[in-house]
Amino acid sequence: MKALVTGGSGFVGLYIVEQLVQRGDQVRAFCRRSLPVFEKLDVEHHEGDLRDQQAIQRAVEGVDIVYHVGGLPGLWGRWQDFHDVNVLGTKYVIEACQQHQIPQLIYTSSPSVIFDGTSHEGVDETCPYPARYLCDYAKSKAEGEQLVLQANQIDGLSTAAIRPHLVWGPRDQNLIPRIISRANTGKLRQVGNGNNLVSVAYVENVAAAHLQLADALNPKAPVAGQAYFINDAEPVQLWSWINSFWR
């Protein structure tokens with residue numbers, strides 16, 4: 001099996017790359033920078049940007065499955081930037097898969113695609129997309145996810161999406177470092193009584209879920225065309241969890 005991982009140098013993407021290599025798959029990473037570990041793992045690197053349609057076409061050619069992990073995160077920024085990377089870039093990936101007759105596409109989405117500002121305790125995947133979004137990132141990820149799921153069973157392509165919630169673990173360069181930095185500078189403030197629960201997802205579990213979904217994905221499988229929330233078995237008390245990292 002030869003797999004392409006977009007965003008293969010990123011937090012989740014690199015764990016997917018490592019787990020694929022560990023089980024014996026050939027791996028190609030499409031990302032803007034190479035990593036020394038790629039050479040060590042014998043991972044083929046294609047340098048490129050998700051806004052570059054031709055680069056994506058070259059990266060997809062000859063693989064058996066695409067894990068589309070790459071994207072532009074963030075609460076702030078221009079809608080055009082989020083759209084170009086997360087929507088248009090995803091469209092390019094889908095078109096490349098169809099043109100090269102790739103049988104499987106797994107999309108790394110986000111729980112924010114259904115967030116409307118209210119509590120979602122106990123919801124499942126039947127929860128609908130909201131009428132409006134609180135940030136452009138969530139809107140762009142939702143549009144990308146819908147493109148992927150709508151492409152299921154078109155030109156022989158089977159698709160599915162994963163929505164990992166609050167991914168954490170070693171090598172995180174975003175969430176935990178920001179929490180610790182703000183705590184150390186006195187800028188971290190608890191909101192509410194501190195008893196609120198939140199689902200989290202350990203990064204190795206998130207990567208493993210991608211591989212498990214891929215193994216189950218085929219044109220007749222019930223997972224085809226579906227999106228799945230991914231989180232660890234039990235939610236955590238948010239502020240106790242945050243304080244443990246600060247300590």
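Basis for what follows: all heavy atoms, side chains included, without hydrogens, waters or symmetry-related copies.
Contact check for Ile65 versus Met1: side-chain heavy atoms found under the 4.5 Å cut-off.
In this pair, His83 and Trp79 present their aromatic rings tilted. The plane angle is within the 30 to 60° band. In this structure, Tyr67 and His210 have tilted ring planes: the angle between them lies in the 30° to 60° band.
For Tyr202 (side chain) and Asp232 (main-chain N/O), no donor-acceptor pair under 3.5 Å exists by modelled atom type. Between the side chain of Ser158 and the main chain of Gln104, no donor-acceptor pair closer than 3.5 Å is present. Between the side chain of Thr159 and the backbone N or O of Val148, at least one donor-acceptor pair lies under 3.5 Å.
Every residue meeting the side-chain hydrogen bond (donor to acceptor under 3.5 Å, both in side chains) condition with Ser112, not counting sequence neighbours, appears here in chain and number order: Ser110. Residues passing the side-chain hydrogen bond (donor to acceptor under 3.5 Å, both in side chains) test with Tyr107 are Lys141, sequence neighbours excluded.
Between Glu47 and Arg58 there is no salt bridge, since none of the side-chain N atoms of the basic residue sits less than 4.0 Å from a carboxylate O of the acidic one. Using a cut-off of 4.0 Å between Lys/Arg side-chain N and Asp/Glu carboxylate O, Arg171 and Glu18 are scored as salt-bridged. One finds a salt bridge joining Glu145 and Arg163 here, because a Lys/Arg side-chain nitrogen approaches an Asp/Glu carboxylate oxygen to under 4.0 Å.
When each of Leu88, Leu72, Val87 is paired with Phe82, the side-chain contact (heavy atoms from CB on, under 4.5 Å) condition holds for Leu72 and for no other.
When every heavy atom of Val223 is checked against every heavy atom of Ala160, the shortest pair comes out as O-CB, 3.7 Å.
Each side-chain hydrogen bond (donor to acceptor under 3.5 Å, both in side chains) pair with one or both residues in residues 211-220, not counting sequence neighbours, appears once here: Arg23-Asp215.
Stacking of Arg28 on the aromatic ring of Phe38 is not recorded, the 6.0 Å distance cut-off and the 45° axial limit not both being met.
Judged by distance alone, the side chains of Asn174 and Arg178 do bring a donor and an acceptor atom under 3.5 Å apart. No donor-acceptor contact under 3.5 angstrom links the side chains of Glu44 and Gln26, judged on distance only. Donor-acceptor pairing under 3.5 Å is recorded for the side chains of Asn195 and Gln237. Side chains of Gln99 and Gln57: a donor on one and an acceptor on the other come within 3.5 Å. Using a 3.5 Å distance cut-off with no hydrogens or angles, the side chains of Glu39 and His45 do not pair a donor with an acceptor.
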Criterion ring pair (Phe, Tyr, Trp, His ring centres under 6.0 Å) on Trp76 and Tyr137, from CA distance to verdict | CA-CA 8 Å; Trp76 312 107; Tyr137 166 74; over 10 Å; no
Chi angles and distances behind the side-chain contact (heavy atoms from CB on, under 4.5 Å) call for Cys127, His120 = CA-CA 9 Å; Cys127 186; His120 281 161; 4.2 Å; yes
For Asp136 and Lys139, what are the C-alpha separation, side-chain angles and deciding distance, and is it a salt bridge (Lys or Arg N to Asp or Glu O under 4.0 Å)?
-> CA-CA 5 Å; Asp136 286 338; Lys139 180 181 178 182; 5.7 Å; no
